[in-house]
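The block underneath contains the structure these notes are about, expressed in structure tokens.
None of the values given here were measured: they were computed from a predicted structure. Naming: A, B, ... by sequence-line order, numbering from 1 per chain.
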Protein chains: 2
Amino acid sequence: MPTYSPGEIADKTGFSLDTLRYYERIGLLDDIARTPGGQRVFDDDDIAWLGILRCLRNTGMPIAQMRRYADLTRDERTMRERVELLEEHDREIGRRLAELAEQREHIRGKIRYYRSLDTAGEQE
Amino acid sequence: MPTYSPGEIADKTGFSLDTLRYYERIGLLDDIARTPGGQRVFDDDDIAWLGILRCLRNTGMPIAQMRRYADLTRDERTMRERVELLEEHDREIGRRLAELAEQREHIRGKIRYYRSLDTAGEQE
DNA sequence: CCTTGATCTGGAGCGCGCTCCAGGTGGCAC
DNA sequence: GTGCCACCTGGAGCGCGCTCCAGATCAAGG
């Protein structure tokens with residue numbers, strides 16, 4: 001299995017080195033392998049997990065909830081709870097999509113309004 | 001034209017009293033009328049403006065950009081720039097909608113995966 | 001070896017967007 | 001008048017999610 005240095009992982013995942021260390025500190029990331037000298041060594045499983053974190057993060061999940069999810073993944077018997085957590089998050093995303101789309105219409109209405117004024121003003 | 005106390009406005013707009021004062025301090029809100037004694041008095045125009053702010057904020061516009069928009073509305077000759085600002089924001093919303101929808105699919109895939117494991121596990 | 005650049009640690013600091021506080025004033029009901 | 005609650009001001013504080021720093025160590029090339 002290939003391994004990667006922290007710098008490579010920062011490039012691949014888009015998380016900064018500081019963020020990777022921060023995530024490890026707060027328990028979002030655990031058991032990152034180390035060289036005998038203490039430098040971190042990542043593998044493809046770590047990349048996959050970071051991909052999940054990136055996805056949850058980008059969809060607005062708070063860190064506290066991601067930690068809860070991370071904790072659940074440490075116990076094999078928590079499939080049900082993981083599904084519940086993700087489903088609640090999915091519903092949250094649904095609400096945000098709906099709100100965003102609705103508010104977008106207001107903004108577009110505003111744009112049309114300005115455009116109409118602008119056109120009217122250019123008639124001279 | 002009816003007028004409203006700060007408390008009524010907080011109720012109507014969902015902004016807290018502190019946030020209303022904060023918005024006035026940083027220049028998102030100006031010329032709020034006052035009683036002779038110095039208490040704020042809002043009117044329907046203020047409510048409309050706060051509605052716009054609420055919309056921009058709910059769609060993730062940073063305060064710095066809302067300030068820029070607020071500044072533009074103080075000059076009649078800035079219709080073009082206002083439209084540009086709103087259109088850029090509209091595009092930003094579009095990007096966020098697309099990203100949210102895409103990542104949601106990943107999460108749903110994850111849910112389906114857990115579900116399949118769960119069902120398999122229940123066969124005993 | 002020695003250099004050089006990547007990485008290590010613990011802890012302080014930051015930017016955003018509010019939120020809270022102390023101490024004082026306004027204004028309406030009684 | 002007198003309560004009493006709403007509201008005022010300036011400024012400090014907070015929660016989140018990183019981000020930066022100092023000073024030390026590691027690892028690979030020459």
Side-chain angles (χ1 to χ4, degrees), chain A residues 2-43 46-47 49-50 52-70 89 92 96 99 103, chain B residues 2-43 46-47 49-50 52-70 89 92 96 99 103:
Chain A
T3 61
Y4 311 91
S5 72
E8 286 171 326
I9 292 299
D11 288 347
K12 276 183 200 296
T13 66
F15 289 117
S16 74
L17 292 173
D18 271 317
T19 298
L20 291 170
R21 288 193 279 259
Y22 169 66
Y23 279 5
E24 191 176 0
R25 270 212 294 282
I26 65 174
L28 278 185
L29 228 53
D30 56 11
D31 294 332
I32 298 298
R34 301 289 183 128
T35 64
Q39 319 269 119
R40 288 176 184 80
V41 180
F42 295 82
D43 62 23
D46 296 323
I47 293 178
W49 175 244
L50 284 165
I52 295 166
L53 293 184
R54 158 78 48 218
C55 182
L56 296 177
R57 197 77 212 85
N58 282 359
T59 50
M61 184 182 286
I63 289 222
Q65 205 174 341
M66 295 204 295
R67 282 176 62 175
R68 169 136 179 76
Y69 183 65
H89 186 54
E92 183 60 35
R96 299 208 15 239
E99 189 194 14
Q103 309 259 39
Chain B
T3 61
Y4 311 91
S5 72
E8 286 171 327
I9 292 297
D11 287 348
K12 274 183 202 294
T13 67
F15 290 116
S16 74
L17 293 173
D18 271 318
T19 298
L20 291 170
R21 289 193 278 258
Y22 169 66
Y23 279 5
E24 191 176 0
R25 270 213 293 281
I26 65 173
L28 280 184
L29 229 55
D30 56 11
D31 294 331
I32 298 298
R34 301 288 184 129
T35 63
Q39 319 267 120
R40 288 178 184 78
V41 181
F42 294 81
D43 62 24
D46 297 322
I47 292 178
W49 176 244
L50 285 165
I52 296 166
L53 293 184
R54 157 78 49 217
C55 183
L56 296 178
R57 214 201 58 168
N58 282 359
T59 49
M61 183 182 285
I63 290 221
Q65 205 173 341
M66 295 204 294
R67 281 176 63 175
R68 168 135 180 74
Y69 183 65
H89 186 54
E92 183 60 35
R96 300 209 13 241
E99 189 193 14
Q103 310 259 39

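Contact check of residues 31-42 of chain A against DNA chain D (heavy atom, cut-off under 4.0 Å) returns T35(A), G37(A), Q39(A). Only S16(B), D18(B), T19(B), listed by number, bring a heavy atom of residues 7-21 of chain B to less than 4.0 angstrom from any atom of DNA chain C.
A distance of 4.5 Å separates CD in Q103(A) from CG in N58(B), rounded to the nearest 0.5 Å. In this structure, the separation between CZ on R54(B) and CE on M66(B) is 9.5 Å, given to the nearest 0.5 Å. Annotation: the span from W49(A) atom CH2 to L28(A) atom CG amounts to 7.5 Å, rounded to 0.5 Å.
For DNA chain D, the contact window with chain B, defined by any atom under 4.0 Å from a protein heavy atom, covers dC7(D) to dG11(D) in 5' to 3' order.
Counting only residues at least two apart or in different chains, ring-ring contact (aromatic ring centres under 6.0 Å, His included) contacts with residues 12-42 of chain A comprise F15(A)-Y23(A). Applying the salt bridge (Lys or Arg N to Asp or Glu O under 4.0 Å) definition to pairs two or more places apart or across chains, none involves residues 5-16 of chain A.
A donor-acceptor pair under 3.5 Å is formed between the side chain of R67(A) and the backbone N or O of I26(A). Judged by distance alone, with hydrogens and angles left aside, the side-chain atoms of R57(B) form no donor-acceptor pair with the main-chain N or O of M61(B) at under 3.5 Å. Using modelled atom types, no side-chain atom of R40(B) and backbone atom of R21(B) make a donor-acceptor pair closer than 3.5 Å. D46(A) contributes a side-chain N or O that, together with a main-chain N or O of D43(A), makes up a donor-acceptor pair within less than 3.5 Å.
If you measure from atom CD of E24(A) to atom P of dT7(C), you get 14 Å, rounded to the nearest angstrom.
Nucleic acid contact class of R25(B) (heavy atoms, under 4.0 Å, all strands): base.
Residues meeting the salt bridge (Lys or Arg N to Asp or Glu O under 4.0 Å) test with E99(B), sequence neighbours left out: none.
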